[in-house]
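Read through the structure below, which is laid out as structure tokens, and then see the notes.
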Amino acid sequence: MDLSFSPEEEAFRAEVREWVASALPPHLAEKAAVDAHFSMDEVMEWHKVLAAKGWIAPHWPEAVGGPGWSVTQRFIFTEELETAGTPQLSPFGLSMVGPLLIQFGTAAQKERYLPKILSGEEVWCQGYSEPGSGSDLASLRTEAKDEGDHFLVNGQKTWTTYAQYADWIFCLVRTNSTVKQQAGISFLLIDMKTEGVTVKPMLTSGHTPAFCDTFFDNVKVPKENVVGKIDQGWTMAKALLGHERTLIAAVGQCGRAIQRVKRIAQNETLDGKPLLEDPLFRAKIARLEIQLEAHRMANLRTLAGAQLGHAPGPESSILKLRGSEILQQALELQMEAMGQNALSWFNEPGVVPPDEEWVASVFNYTRATTIYGGSNEIQKNIIAKLILGLPQPGKA
Amino acid sequence: MDLSFSPEEEAFRAEVREWVASALPPHLAEKAAVDAHFSMDEVMEWHKVLAAKGWIAPHWPEAVGGPGWSVTQRFIFTEELETAGTPQLSPFGLSMVGPLLIQFGTAAQKERYLPKILSGEEVWCQGYSEPGSGSDLASLRTEAKDEGDHFLVNGQKTWTTYAQYADWIFCLVRTNSTVKQQAGISFLLIDMKTEGVTVKPMLTSGHTPAFCDTFFDNVKVPKENVVGKIDQGWTMAKALLGHERTLIAAVGQCGRAIQRVKRIAQNETLDGKPLLEDPLFRAKIARLEIQLEAHRMANLRTLAGAQLGHAPGPESSILKLRGSEILQQALELQMEAMGQNALSWFNEPGVVPPDEEWVASVFNYTRATTIYGGSNEIQKNIIAKLILGLPQPGKA
Amino acid sequence: MDLSLTEDQKMIRETAATFVKKESPVERSRKLRDTDLGHDAAVYRQMGELGWLGLPLPEHVGGFGGSMVDAAILLEEFGKTLVPEPYLASVVLGGMAVAHGASTAQQQELLGPMVEGDSVLALGWAERGSRYDASAIEARAEKRGDAWSITGEKVWVLGGHAADHLVVSAKTGAGVSLFHVAAGAKGLDVTTVKTMDGRKAATLRLEGAEGALLGDEGAAGPVLDHVLDKAAAAACAEGVGVANAVLWMTVEYLKTRKQFGVPIGIFQALQHRAVDMFVQTELLKGTSILANAKCESTDPVERAQAVSAAKAQLSTGGFFVVAQGTQLHGGVGVTDEHDISLYFKRMRALMALFGDEEHHVARYMTLPSFTEGI
Amino acid sequence: MDLSLTEDQKMIRETAATFVKKESPVERSRKLRDTDLGHDAAVYRQMGELGWLGLPLPEHVGGFGGSMVDAAILLEEFGKTLVPEPYLASVVLGGMAVAHGASTAQQQELLGPMVEGDSVLALGWAERGSRYDASAIEARAEKRGDAWSITGEKVWVLGGHAADHLVVSAKTGAGVSLFHVAAGAKGLDVTTVKTMDGRKAATLRLEGAEGALLGDEGAAGPVLDHVLDKAAAAACAEGVGVANAVLWMTVEYLKTRKQFGVPIGIFQALQHRAVDMFVQTELLKGTSILANAKCESTDPVERAQAVSAAKAQLSTGGFFVVAQGTQLHGGVGVTDEHDISLYFKRMRALMALFGDEEHHVARYMTLPSFTEGI
């Protein structure tokens with residue numbers, strides 16, 4: 001057992017850090033400094049910088065465009081990017097449909113989609129949830145009717161984050177309604193420019209344009225756009241879940257958020273001294289930072305397992321649970337550190353110091369982290385069932 | 001609305017306080033000072049002092065021996081007793097079977113049992129739980145077979161607290177196994193000296209002799225010992241629950257426990273100063289005391305309702321929840337305040353200061369407060385169902 | 001001891017409950033977010049007509065001689081539908097500053113019209129560096145003949161953008177004093193700022209603005225302490241309304257939202273979470289009553305003990321309720337278009353006003369009452 | 001970076017796991033509660049034969065030159081069945097004090113037999129007024145010819161009642177120093193005290209007891225800091241074992257205990273509580289690894305950061321696990337006869353040793369690393 005990074009790993013970290021500092025365009029660096037919301041254009045601008053460097057898909061096999069890094073290098077790379085506050089890349093292509101296609105796609109599909117995911121030429125979004133089925137995906141009702149050479153898709157998807165900017169959407173659709181719920185679902189790729197696709201964006205509670213409803217009205221989709229086999233979409237969805245889980249620890253992001261708490265508290269004054277010197281407030285930060293230390297170790301332990309070739313299993317649900325909770329608590333502390341400045345909205349320069357300008361917005365939309373990607377309640381159900389083996393209702 | 005006590009109420013408080021200070025026998029006062037465990041003999045000694053004064057049953061109607069106090073006086077009285085740390089009276093006669101008999105007992109039963117409950121001549125215990133049925137009382141299996149003029153009782157009761165000192169036990173027993181679970185239960189009074197009753201005491205985790213298993217082996221019980229009607233024990237149990245709920249806020253007890261935290265912290269030294277001056281530890285106490293303030297107000301609001309004649313309903317489950325949690329947390333803080341002295345067991349004088357001598361024992365058995373009297377999980381189920389009206393499993 | 005409402009108080013609650021339900025549903029607050037004023041002047045005037053603006057103010061200014069407990073009844077109802085009119089700003093902050101700090105004549109001059117709904121008052125007590133300490137200010141006032149010339153900056157002045165009359169604190173040789181500055185005064189710049197909860201406040205920049213001394217020079221310290229305690233108690237009362245609305249909105253959602261073929265409220269983990277929200281809401285009610293009753297006291301220790309307990313409780317229990325209410329709503333809870341996001345933001349704003357958890361715990365634990373009788 | 005166990009470490013874990021299961025089930029610990037010694041001298045000797053007592057000690061004293069990470073593997077297994085032999089006391093406290101603080105010759109003299117299981121060591125570092133500060137002591141030593149005469153009192157000396165050799169701290173003109181006092185020394189009174197977790201410790205009263213200076217005079221400060229960091233890390237490792245045992249014991253109970261006709265583990269609120277216990281146990285594992293790896297460091301800041309994080313985590317997460325494990329067991333959980341009450345007490349004792357939550361949070365937040373790079 002060795003908890004320190006090797007000289008090679010440390011050198012890699014330095015290389016990444018230096019490169020990020022020089023490669024992040026100045027107008028993005030400016031926004032990163034205050035954790036401002038990045039527009040999709042800005043996200044894709046950064047995507048293309050990483051793509052040009054060959055660092056856009058650390059978790060992809062080398063054969064299809066990955067850089068061939070070790071698990072530890074990937075951890076370091078992610079932590080460095082998060083710590084620097086670079087735009088968070090859209091995960092739908094790189095971390096969701098991409099890896100799925102690598103695993104299950106046909107040669108033609110791989111050739112058609114993967115290069116444009118890497119280059120950023122095509123932006124993806126996800127069509128899973130529906131108004132009536134959030135956590136209960138198996139009850140979805142968007143229908144893909146077999147019309148011989150193509151499907152005709154009708155229905156509505158919700159929480160299609162960033163659909164307004166997407167070129168493609170991957171969807172779970174019902175292709176067979178005569179069989180048991182999970183059995184009649186297929187995994188379908190749909191071109192957003194197809195006739196009959198409409199997108200209705202809405203604002204998050206942090207006033208960022210993220211969520212959308214996406215409507216399908218007699219949308220024609222070629223049959224070759226099914227990933228895996230028809231009616232086996234559930235298998236695809238489960239495989240994709242495994243890929244998604246590795247993304248979610250947010251260790252660097254949490255660390256960055258706690259650093260911002262400290263910075264705000266350093267500049268706010270209480271009784272003539274920096275708030276950071278107030279023992280009560282300082283202890284709040286310390287207790288959270290200790291939680292982050294514990295979380296970081298849990299993440300490293302999962303990585304160690306991955307290094308030995310174990311696929312991240314249900315125990316990685318812990319990473320989602322803790323990462324999302326710690327991030328929320330860090331934002332709560334940023335707000336508390338600001339005192340009455342926490343009253344500020346995020347778009348009026350000069351009202352509060354730059355470090356505090358975007359906090360209220362981020363604080364608000366960060367409430368979503370314990371909800372999306374499988375709510376924390378769902379993660380607990382997974383652990384209860386798959387790790388603890390506790391009896392399931394209806395099966396007692 | 002008026003949050004202050006009237007001059008008459010303040011005078012009453014002073015009267016109670018003075019009387020307690022003079023009436024509590026010195027050897028009990030000595031134990032109270034360190035919150036030592038009181039033996040059952042000591043509890044009954046104090047019972048008899050209160051009985052002689054006419055203050056033993058504040059919540060009983062005047063006609064059957066109550067002092068005729070207002071709800072506020074009863075609150076003050078309880079708070080004063082708890083604050084003084086007098087022995088906690090055995091609730092089984094005074095607060096459970098007594099009020100039930102007042103409500104549902106025959107004239108003969110009242111005459112036979114009530115005076116001896118008041119005087120302390122007869123000690124009671126409770127036979128509800130069984131090894132297989134804790135929270136799920138309706139599944140109980142102790143059987144009372146109808147033998148004409150008497151029942152023949154067979155079975156086992158568990159958590160028959162202080163049964164080893166009891167003269168009588170009130171039991172829920174199954175008198176009819178051909179009907180639905182709750183329908184075939186009767187409420188039965190059993191003389192502990194009857195042949196076939198055996199008691200096996202066990203220690204709590206705080207090494208106090210409280211819990212018992214009680215076994216019934218062909219125990220003959222006269223039929224007149226049924227309270228209410230045969231097979232209507234469930235109605236009795238529910239009525240009794242209403243009486244029990246008013247006991248559980250433990251406001252004075254929590255306040256006393258927090259005072260002890262402060263006293264210990266005043267005497268322990270950290271960096272050359274009293275631990276109480278350490279901002280981190282002091283804030284822990286303050287946060288808990290604020291919880292107690294909130295709890296005290298919740299209790300007063302319930303009392304205000306009672307004053308208007310509303311019977312304490314399911315909302316008083318809150319008092320059980322919060323009282324038990326705050327008491328546990330106060331004991332946790334007592335332990336933390338002690339530092340390494342928290343390692344001490346409770347019966348070796350001189351190892352730790354007197355204020356700390358009994359803390360470990362009380363800390364350990366106080367874990368029971370969130371379990372007994374309807375576990376806190378059960379209290380939450382009650383609130384979810386009866387107050388929030390949330391859908392119940394099996395009835396969706 | 002008597003915790004029941006008087007007949008008058010019951011009537012106030014009933015009238016207010018009917019008002020918010022019929023005339024000020026939460027959609028009204030949502031619409032007013034996008035206006036410059038942020039509230040409806042006609043509704044504010046209506047509040048005057050109903051006698052609400054004068055409720056906790058003395059009779060000699062046209063008020064009803066009621067207490068903060070009476071005002072708290074209103075504020076709790078206002079919280080239930082996020083009524084945006086500047087009651088807290090005008091009556092509790094501006095109004096109480098004048099009531100506690102000004103001469104009788106000044107009270108009549110400033111409070112008389114406000115009580116009728118004809119003017120809005122606001123109090124500027126905080127500055128960029130002051131955090132929650134009203135004495136840590138840099139604004140200064142100098143005497144110029146009969147009047148005073150005030151220079152400094154005041155931030156987060158609730159209702160300041162809409163106020164006809166501003167009360168501001170500034171230092172003179174004698175200490176912190178209160179001054180009345182008319183809205184249009186020369187040397188006064190009022191900038192409207194949006195607040196996180198969709199409301200408005202003002203930054204005041206005073207450069208030699210002319211003002212009139214209220215009450216005695218240097219006497220504002222205890223006045224502001226008392227006013228801010230009342231304001232904190234008022235925030236708690238409004239917070240009770242917010243928590244209450246979120247609790248029942250969430251319970252309703254749990255009963256109607258279906259997943260896996262059943263209402264999600266059937267799941268015990270969610271049930272217990274809702275129960276925890278209920279428990280916290282009940283605790284907030286109790287501490288709010290305590291704070292609003294005790295904030296009338298002239299004993300600063302008794303007052304601070306109750307107010308700090310309640311405001312700390314709001315920051316923990318109140319936040320728990322809105323955070324868990326959001327969580328239990330799932331995705332819709334974090335959209336701007338769902339009402340719960342407005343309640344969430346209002347609760348967070350109430351937490352930030354007049355002292356956060358750290359401030360009130362720190363104050364509570366340094367009161368002499370904390371170590372009494374150990 | 002490599003978090004996997006070496007082949008040697010895997011073997012240690014396997015041997016230890018087999019040992020605790022077969023030779024030291026929790027019933028053994030329960031029985032030994034009532035003996036004067038509190039452990040079994042034969043089992044302690046067996047630990048010597050297995051090479052465990054020398055595992056983290058240098059080779060020149062007969063040790064294996066391993067690390068605290070190796071010892072942590074053992075301690076975690078010991079925690080699972082509450083193995084009562086004085087490993088922490090003799091190897092980590094007494095042993096490390098000698099290893100870090102004494103000359104090579106002294107090390108060989110004192111550690112040699114201990115490593116074989118032929119003697120027990122103990123460390124007296126705490127006094128009535130010292131709380132967790134090893135430098136806040138009053139015991140004094142004076143030179144008398146070649147030897148030293150020590151006067152003072154040491155409390156909560158783990159294993160002190162069974163020790164052949166005591167290491168005690170005392171002040172001389174040069175500062176805090178360590179001394180070796182033999183168990184039978186004149187002027188030394190050893191009183192056995194029962195501890196909450198059913199084990200034993202000692203109060204040492206020294207009145208001019210003869211002792212030998214270990215290492216350099218006045219050099220004990222950093223030595224004790226380092227030793228107590230190692231001991232805190234060791235307590236975390238044992239705590240992982242305790243938490244692990246309670247977690248799975250509770251999960252098993254949830255699966256088998258029936259109420260309302262179903263296993264209670266079917267109720268979602270209880271399921272999620274068990275999940276929270278699992279999460280906390282996993283977090284403890286990580287921080288324990290961190291602490292045990294970093295406690296070898298000679299950089300006191302790096303060491304303190306990791307150890308304080310882990311020990312604070314033990315006090316919150318570890319307590320959560322045993323408290324909720326007790327709660328989920330219902331009534332039986334609070335009886336002396338159920339094993340979970342023994343685990344509960346052991347966890348609480350581990351929390352009280354070498355710094356509680358307050359101590360470690362306070363230390364963590366005053367380290368220079370806390371404000372680095374803001």
Side-chain angles (χ1 to χ4, degrees), chain A residues 1-6 9 70-72 75-76 259-260 262-263 265-267 276 279 282-287 289-305 307-308 315 317-318 321-322 376-377 379-385 387-396, chain D residues 1-6 9 67 69-70 247-248 250-251 254-255 258 261-268 270-272 274-280 282-290 292-294 305-306 308-310 312-313 316-317 357-358 360-367 370-371 373-374:
Chain A
M1 191 173 316
D2 181 5
L3 273 183
S4 49
F5 292 101
S6 69
E9 289 163 345
S70 71
V71 170
T72 306
F75 171 80
I76 291 170
Q259 279 296 92
R260 187 175 296 280
K262 291 181 182 174
R263 211 158 54 229
Q266 182 66 47
N267 293 325
L276 189 58
R282 196 174 176 114
K284 286 190 185 193
I285 308 174
R287 288 185 173 116
E289 192 170 283
I290 288 170
Q291 292 300 309
L292 176 57
E293 282 292 324
H295 178 54
R296 191 166 191 261
M297 284 304 298
N299 195 23
L300 289 172
R301 288 176 65 226
T302 309
L303 285 174
Q307 228 153 3
L308 296 174
E315 71 280 6
S317 284
I318 290 185
L321 281 175
R322 293 307 295 145
N376 284 18
E377 289 78 13
Q379 304 296 336
K380 288 189 181 182
N381 288 346
I382 292 172
I383 295 174
K385 181 178 173 181
I387 299 182
L388 305 184
L390 288 169
Q392 297 301 303
K395 290 171 191 166
Chain D
M1 199 193 56
D2 179 10
L3 275 143
S4 54
L5 298 182
T6 63
Q9 288 171 334
S67 66
V69 171
D70 302 318
L247 167 67
W248 294 108
T250 304
V251 167
L254 291 174
K255 287 180 189 174
K258 290 195 173 187
V262 292
I264 60 174
I266 214 167
F267 297 116
Q268 197 192 29
L270 307 194
Q271 286 198 350
H272 284 199
V275 170
D276 292 338
M277 290 169 65
F278 169 74
V279 169
Q280 290 303 324
E282 288 299 300
L283 295 176
L284 290 179
K285 282 182 192 170
T287 48
S288 171
I289 291 171
L290 183 70
N292 280 286
K294 299 282 188 187
Q305 197 185 8
S308 282
Q313 184 68 27
T316 53
E357 203 261 354
E358 190 281 333
H360 283 291
V361 170
R363 184 167 81 147
Y364 184 92
M365 75 186 204
T366 44
L367 294 171
F370 189 72
T371 44
I374 303 177

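Since we're looking at a predicted model, the values are computed, not measured. Below, all heavy atoms of this structure are taken into account, side chains as well, without hydrogens, waters or symmetry copies. Here is the naming used below: chain letters follow the sequence lines, and residue numbers restart at 1 for every chain.
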Inset, instruction - Using non-hydrogen atoms and a 4.5 Å limit, figure out which bit of L300(A) sits close to chain D: side chain, backbone, both or neither. - result: both

Inset, instruction - Look only at the side chain of R282(A) and the backbone of L276(A), and say whether a donor-acceptor pair between them is shorter than 3.5 Å. - result: yes

Inset, instruction - Answer yes or no: is there a donor N or O on one side and an acceptor on the other, between the side chain of N292(D) and the main chain of I289(D), under 3.5 Å? - result: no

Legend entry - L390(A) backbone acceptor or donor facing Q392(A) side chain under 3.5 Å: yes

Inset, instruction - Check whether any side-chain N or O of T366(D) sits under 3.5 Å from a backbone N or O of R363(D) as a donor-acceptor pair, and report yes or no. - result: yes

Legend entry - Option in L5(D), L290(D), T371(D), V279(D) with maximal non-hydrogen atom pairs under 4.5 Å from chain A: L290(D)

Legend entry - Partner chain A: residue of V361(D), T287(D), L247(D) with the largest heavy-atom pair count (under 4.5 Å): V361(D)

Legend entry - Pick from A286(A), A384(A), S70(A), P279(A) with the largest number of heavy-atom pairs that fall under 4.5 Å of chain D: A286(A)

Legend entry - Interface moiety of R296(A) toward chain D, non-hydrogen atoms closer than 4.5 Å: neither

Legend entry - Side chain / backbone / both / neither for I387(A) at chain D, heavy atoms under 4.5 Å: both

Legend entry - Top of L270(D), I264(D), D276(D), L284(D) for chain A proximity - count of heavy-atom pairs under 4.5 angstrom: D276(D)

Inset, instruction - Check for a donor-acceptor pair, side chain of K255(D) on one end and backbone N or O of L388(A) on the other, with a separation under 3.5 Å. - result: yes

